[in-house]
Amino acid sequence: MALLMDNQFGNLPADNAVNTKLFLESVAYLPPFLDCLGSKLFAPIKSDISGNITKIRGVFDKDPAKYATLQQIVEAEKETHGTEWPKVGATLALMWLKRGLCFIQVLLQSLADGEKDENNPNLIRVNITKAYDQALKKYHGWLVQKIFKAALLAAPYKSDFIKALSKGQEVTEEDCMASVRQFLINFTATVDAIYEMYTTLNAELDYSV
């Protein structure tokens, strides 16, 4: 579980403002998490997350003081881009990034909650499918959904997934899930805060790719 526990998200302030610098530092360690799913067919999700992180960092680096929080970035771009917003810049990148983060969050929560296929308890297809259906499916066209179904068939055994999460260390499933629950506390709060921000600012788009 070292992969996630070594890079936990911090507590949010009372106003739920997400500090851009700290957020970027934390999410930078998440793309390798997708490698734990084994199949190279999950590479598009990993690439999407990495690419969107890079776009947001590119905007932040131009003026760290001005863009100290994610909300300041989104609001500034709304002011700058007019009718093109929100389908532009870091606003669009963060919109897709939060969906990738939601995929990870739902997957981990499903595993932590003990959800499983009773006929194949060492498979995590049920958990991955739930995460995909809730976080990404509605935004993907037929072709992308077909690619995901192929990737699902190559999903790792739960035991191998836990070993990958733990960087090869021998840990019990119980200990690993306890660490997952700890990681999820601030991670879930951060993802929820970003979703809430997009709703409040009317920045959400429903188009599919």
(message) Please tell me whether F60 and Y67 form a close aromatic pair, meaning their ring centres lie under 6.0 Å apart.
(response) no

Between [atom1] of [X] and [atom2] of [Y], what distance do you get to the nearest 0.5 Å?
| X | Y | atom1 | atom2 | value |
| --- | --- | --- | --- | --- |
| E77 | T91 | CD | OG1 | 3.5 Å |
| Q145 | Y132 | CD | OH | 4.5 Å |
| D192 | Q105 | CG | CD | 6.5 Å |
| L108 | L184 | CG | CG | 5.0 Å |
| K46 | L37 | NZ | CG | 11.0 Å |
| Y157 | I124 | OH | CD1 | 12.0 Å |

Looking at [X] and [Y], would you say the former's side chain and the latter's main chain have a donor-acceptor pair under 3.5 Å?
| X | Y | result |
| --- | --- | --- |
| E75 | Q72 | no |
| S47 | A43 | no |
| R125 | A155 | no |
| T20 | A68 | yes |
| D63 | K66 | yes |
| N52 | D48 | yes |

Is there a path from [X] to [Y] through hydrophobic residues (I, L, V, M, F, W, Y) whose side chains come within less than 4.5 Å of each other?
| X | Y | value |
| --- | --- | --- |
| L205 | L97 | yes |
| L111 | V106 | no |
| L12 | L94 | yes |
| M197 | L92 | yes |
| I49 | L22 | no |

(request) Using the test salt bridge (Lys or Arg N to Asp or Glu O under 4.0 Å), find all partners of K130 that sit at least two apart in sequence or belong to another chain. (result) E115

(request) Please name all residues satisfying salt bridge (Lys or Arg N to Asp or Glu O under 4.0 Å) with R99, sequence neighbours left out, ordered by chain then number. (result) E204

Please tell me if the side chains of [X] and [Y] come closer than 4.5 Å, counting only heavy atoms from C-beta onward.
| X | Y | answer |
| --- | --- | --- |
| R181 | I185 | no |
| T129 | L152 | yes |
| M95 | K87 | no |
| N122 | F161 | no |

Identify the two heavy atoms, one from [X] and one from [Y], that lie closest to each other, and give their separation to 0.1 Å.
| X | Y | result |
| --- | --- | --- |
| W85 | L201 | CH2-O, 3.4 Å |
| T190 | G10 | OG1-O, 4.5 Å |
| L34 | I104 | CD2-CD1, 4.0 Å |
| P31 | V27 | CD-O, 3.2 Å |
| D61 | P64 | O-CD, 3.8 Å |
| L165 | C36 | N-SG, 3.9 Å |

(request) Give the C-alpha distance, both sets of side-chain angles, the deciding distance and a yes or no for side-chain contact (heavy atoms from CB on, under 4.5 Å) between F103 and D133. (result) CA-CA 9 Å; F103 171 81; D133 287 352; over 6 Å; no

(message) Pairing donors with acceptors under 3.5 angstrom, does anything connect the side chains of S110 and D113?
(response) no

(request) Give every residue pair that meets the ring-ring contact (aromatic ring centres under 6.0 Å, His included) criterion with at least one member in residues 186-209, sequence neighbours excluded. (result) F9-F187, W96-Y207, F183-F187

(request) Begin with the C-alpha distance, continue with both residues' side-chain angles, and end with the deciding distance and a verdict on side-chain contact (heavy atoms from CB on, under 4.5 Å) for I162 and K158. (result) CA-CA 6 Å; I162 289 174; K158 183 188 291 186; 3.9 Å; yes

(request) Look at atom NZ of K116 and say whether more than 12 heavy atoms of other residues, nucleotides or ligands are closer to it than 6.0 Å. (result) no

(message) Using a 6.0 Å cut-off, check whether atom CG of N202 has over 12 heavy atoms from anything other than its own residue.
(response) no

